[in-house]
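Scroll down for the structure; my scribbles are underneath it.
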Amino acid sequence: MAEHEEQSGGVPPLDEEAAWAAIVAGYGQEPPDPPGSRPFKPIENLLLPEEDVKPLPPEPEPKPEPGPEPPAALGSSVVFAPGVGLSGPRDHSLAEPQDDDLTPADRADEGHFVPPEPELPSADTTAKFAWLAVVGGPVLLLLAVLLQWEMTWWLTTLGIGGFLGGFATLVARMAPHDDDDDDYPGRGAVV
C-alpha cells in the first residue's frame, strides 16, 4: 500500500479497502442494462413468441447527462432472427394419415406382405461329404484331446487328412470366375 501513496501527477491514491467493500456489498446483484437495450428475457420465456412474453415492470429512466451517448454493450440481450429458436428440423413431425388418403387396393395390401422363403441351392453328395470332413476332422481331434483318448495314427490321419481332403475338394469344385483379366493375360491395361 505504500507504493500507491507515492504516485505523482495529482491522482489521489486508490483506497483498496473501500474498493473491496464496494465489491463485497454488490456481490450477487445484477448490474442494470445499458440505456436503449432490450431487457433480458428469462430462459423460460426464450421459446415463447414475442407477444406471449411477460413484460418486466418498467424501470425508472435515468436522467440524461449532457455529452456523447455511450455505445450499447455487447451481449446485453439475446436477439434472434424471426423464426429462429422457435422450431428446427428435428422438431418436424409427419402428419397423421387420413382414411381417405388410401385407395381400396392400398387398404387391402396394407401390412400383409409376407416375404417369400429364399430357395437354397441343393448340394450334391460330394459337397456334403467335403463339408463333413472340413468340420468333422478338427471336431474329432478336439474330442480326442478333451476325452484324453490315445492319439493313434488312424485318429490323427482321419482328423488332419479329413480336414485337408475336404478343404481341397471344396476349393477344386469352386465355380470358375468370369473375370476380364483372363481374356488378355499379360497384356496390361486394356482401354
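Residues take their numbers from the sequence shown, with the count starting at 1.
Here L132 contributes atom CG and T125 contributes atom OG1; the two are 12.0 Å apart, rounded to the nearest 0.5 Å. With rounding to the nearest 0.5 Å, the separation of CG in L141 from CG in L158 is 8.5 Å. Between atom CG of residue L146 and atom CG of residue L142 there is a gap of 4.5 Å, rounded to the nearest 0.5 Å.
Among residues at least two apart or in separate chains, side-chain hydrogen bond (donor to acceptor under 3.5 Å, both in side chains) pairs with a member in residues 140-161 are T152-W154.
The minimum heavy-atom distance linking L140 with G159 is given by the pair CD2-N, 4.3 Å. Nearest heavy-atom pair, A144 versus M151, reported as atom, atom and distance to 0.1 Å: CB-CE, 3.8 Å. Here the closest non-hydrogen pair linking G162 and A133 is O-CB, 3.1 Å. Annotation for P138 and V134: closest pair CD-O, 3.1 Å, computed over non-hydrogen atoms.
Hydrophobic clustering (ILVMFWY, side-chain heavy atoms < 4.5 Å, transitive): L170 and F129 are in distinct clusters. Using a 4.5 Å cut-off between side-chain heavy atoms of Ile, Leu, Val, Met, Phe, Trp and Tyr, with links allowed through other members, F163 and V171 fall into the same hydrophobic cluster.
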